[in-house]
Amino acid sequence: MKLLITGATGLVGKELVQRTLSQGVGVHFLTTRQSKINSIEGAKGFYWNPSLQEIDMDCFKGVDTIIHLAGATISKRWTSAYKKTIKQSRVETTQLLLKGVQDLSGDNTVTQLVSASAIGIYPSDFDVTVDEETQVSPQSFMEEVVIEWEKQCNKFSSLGVKVSKLRIGLVLSEDGGVVGTLKIPTLFGLGAAFGNGKQGQSWIHIDDLVSMFLYVIEQKLEGVFNAVSPNPVSQSRFISALAKAINRPHVFPPLPKFLIDLLMGEMSSLVLDSHWVSSKKILKKGFTFKYETINGALDNIFSK
Ligand SMILES: NC(=O)c1ccc[n+]([C@@H]2O[C@H](COP(=O)([O-])OP(=O)(O)OC[C@H]3O[C@@H](n4cnc5c(N)ncnc54)[C@H](OP(=O)(O)O)[C@@H]3O)[C@@H](O)[C@H]2O)c1
């Protein structure tokens with residue numbers, strides 16, 4: 001097996017690359033930074049420039065599966081220019097991969113695309129649990145981005161390539177992400193939920209996420225799968241579990257919604273939206289989670 005991974009230098013990509021290399025899998029990766037081409041020992045890096053639709057076609061040599069993780073971070077201020085970057089970095093990268101595979105024509109060896117997607121595709125709801133059958137429509141910026149991203153991925157089917165999309169929840173990792181952001185105020189005893197704190201937080205431990213990517217490949221699963229643990233929690237529970245995991249008190253009441261809206265603008269949806277997301281579909285396919293509870297996941301992260 002040989003993989004081509006985009007976004008391999010990011011939070012999820014780094015873990016995925018290390019796991020696959022340790023299993024003796026061949027890894028090619030695409031990076032937008034020339035300086036990173038030789039940055040991963042044991043893997044072969046290639047340069048691409050998605051906004052100019054430039055790609056080193058050698059990246060596809062002998063590859064059977066593409067894992068597509070590339071995308072500009074959503075944790076930077078959503079100015080109108082940056083919103084464009086968030087969307088284009090997902091849409092244009094997918095289009096460029098598609099064009100690359102198309103141009104290989106008879107030399108193509110790629111049989112599966114497994115792309116990151118996000119639970120931000122679902123409408124925010126404080127009560128209803130959503131699953132892969134839930135209707136989606138572009139009501140918010142994030143919904144619009146993810147719908148378009150998945151639409152571009154689906155085009156690989158016309159080339160005879162299996163398409164799998166993992167709608168990822170909040171990734172818990174010792175190396176940053178949501179835990180890194182929330183850990184700092186919590187360390188000072190200032191951890192607080194946002195809004196009423198009742199919003200659903202559908203999270204996944206990074207080890208389980210990496211295992212799920214590999215499971216979808218091994219089992220040749222096609223379609224959409226929610227990549228979230230079986231036990232989402234309210235944001236208040238999430239913050240108190242985090243405080244407990246790092247042995248800090250959790251005494252602060254939730255921060256009022258108007259203040260967050262004022263400070264964060266449209267981006268406040270990242271902390272105020274509620275997503276109770278089901279993982280039943282992947283469980284029914286036989287996948288097992290190593291970290292099923294928030295306390296177990298956070299204890300593992302902070303014991304490292
Ligand atoms: N982490 C989460 O909680 C979470 C939740 C839901 C969905 N996801 C999705 O899962 C994927 C991986 O997440 P992550 O947390 O690992 O992301 P990350 O740490 O931000 O890394 C993403 C990678 O994408 C590449 N990239 C950045 N800006 C780009 C641009 N403008 N054009 C093309 N490539 C660009 C970078 O690789 P190079 O610099 O090497 O090019 C970067 O290392 C992302 O698409 C993200 O939206 C993540």
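We count ligands from 1, going down the list as the structure has it; atoms in each ligand are counted the same way.
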Working to the nearest 0.5 Å, report the span between [atom1] of [X] and [atom2] of [Y].
X      : Y      : atom1 : atom2 : result
Leu98  : Ser158 : CG    : OG    : 6.5 Å
Glu150 : Lys165 : CD    : NZ    : 5.0 Å
Phe225 : Lys285 : CZ    : NZ    : 5.5 Å

Min N/O separation [X] to ligand 1 under 3.5 Å:
X      : result
Ala118 : no
Leu11  : yes
Thr73  : no
Pro50  : no
Val12  : yes
Thr31  : yes

Quick check against the 3.5 Å criterion: does [X] have a side-chain atom that pairs as donor or acceptor with the backbone of [Y]?
X      : Y      : value
Arg237 : Pro232 : no
Thr109 : Val63  : yes
Asn231 : Thr293 : no
Thr111 : Val161 : no

Which of the numbered atoms in ligand 1 are below 4.0 angstrom from a heavy atom of [X]?
X      : result
Leu69  : 11 (C), 12 (C), 44 (C), 45 (O)
Ser89  : 30 (C), 31 (N), 32 (N)
Thr93  : 33 (C)
Trp149 : 45 (O), 47 (O)
Ala116 : 10 (O), 11 (C)

Q) Is any heavy atom of the protein nearer than 4.0 Å to atom 12 (C) of ligand 1? A)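 Within 4.0 Å: yes, protein heavy atom nearby.
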Identity and distance of the protein heavy atom lying nearest [atom]:
atom                    : result
atom 23 (C) of ligand 1 : Gly7 CA, 3.6 Å
atom 36 (C) of ligand 1 : Thr9 OG1, 4.0 Å
atom 4 (C) of ligand 1  : Val171 CG2, 3.8 Å
atom 6 (C) of ligand 1  : Ile168 O, 3.3 Å
atom 33 (C) of ligand 1 : Thr32 CG2, 3.6 Å
atom 29 (C) of ligand 1 : Ala72 N, 3.9 Å
atom 5 (C) of ligand 1  : Gly169 O, 3.1 Å

Just heavy atoms, cut-off under 4.0 Å: does [X] contact ligand 1 by side chain, backbone, both, or neither?
X      : answer
Lys36  : neither
Ser117 : backbone
Trp203 : neither

Short side-chain donor-acceptor distance under 3.5 Å, [Y] and [X]:
X      : Y      : answer
Gln112 : Ser164 : yes
Lys155 : Gln152 : yes
Asp131 : Thr129 : no

I'd like a table of donor-acceptor pairs (distance under 3.5 Å, sequence neighbours excluded) in which one partner is a side-chain atom from residues 31-40, with atom names and distances.
from: Thr31; atom 1: OG1; to: Arg33; atom 2: N; distance (Å): 3.0
from: Arg33; atom 1: NH2; to: Thr9; atom 2: OG1; distance (Å): 3.1
from: Ser39; atom 1: OG; to: Lys36; atom 2: O; distance (Å): 2.6

Q) Should Leu3 and Leu166 be regarded as members of a common hydrophobic cluster, given that ILVMFWY residues are connected when their side-chain heavy atoms come within less than 4.5 Å of each other, either directly or indirectly? A)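 They do share one cluster, since a chain of ILVMFWY contacts under 4.5 Å joins Leu3 to Leu166.
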**Q.** Lys220 atom NZ: more than 12 heavy-atom contacts under 6.0 Å
**A.**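 Yes, enclosed.
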Please verify whether a non-hydrogen atom of [X] lies at under 4.0 Å from ligand 1.
X      : answer
Arg33  : yes
Gly120 : no
Arg90  : yes

Q | Output field: ring centroids Phe289/Tyr291 closer than 6.0 Å | A |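 Judged by ring-centre distance (under 6.0 Å), Phe289 and Tyr291 do not meet the cut-off.
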**Q.** Close aromatic pair by centroid cut-off 6.0 Å: Phe238 and Trp203
**A.**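 Between Trp203 and Phe238, which both carry aromatic rings, the centre distance is not below 6.0 Å.
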Q) Among Gly71, Gly10, Ala8, which residue places a heavy atom closest to atom 25 (C) of ligand 1? A)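 Ranked by closest heavy atom to atom 25 (C) of ligand 1, first place is Gly71.
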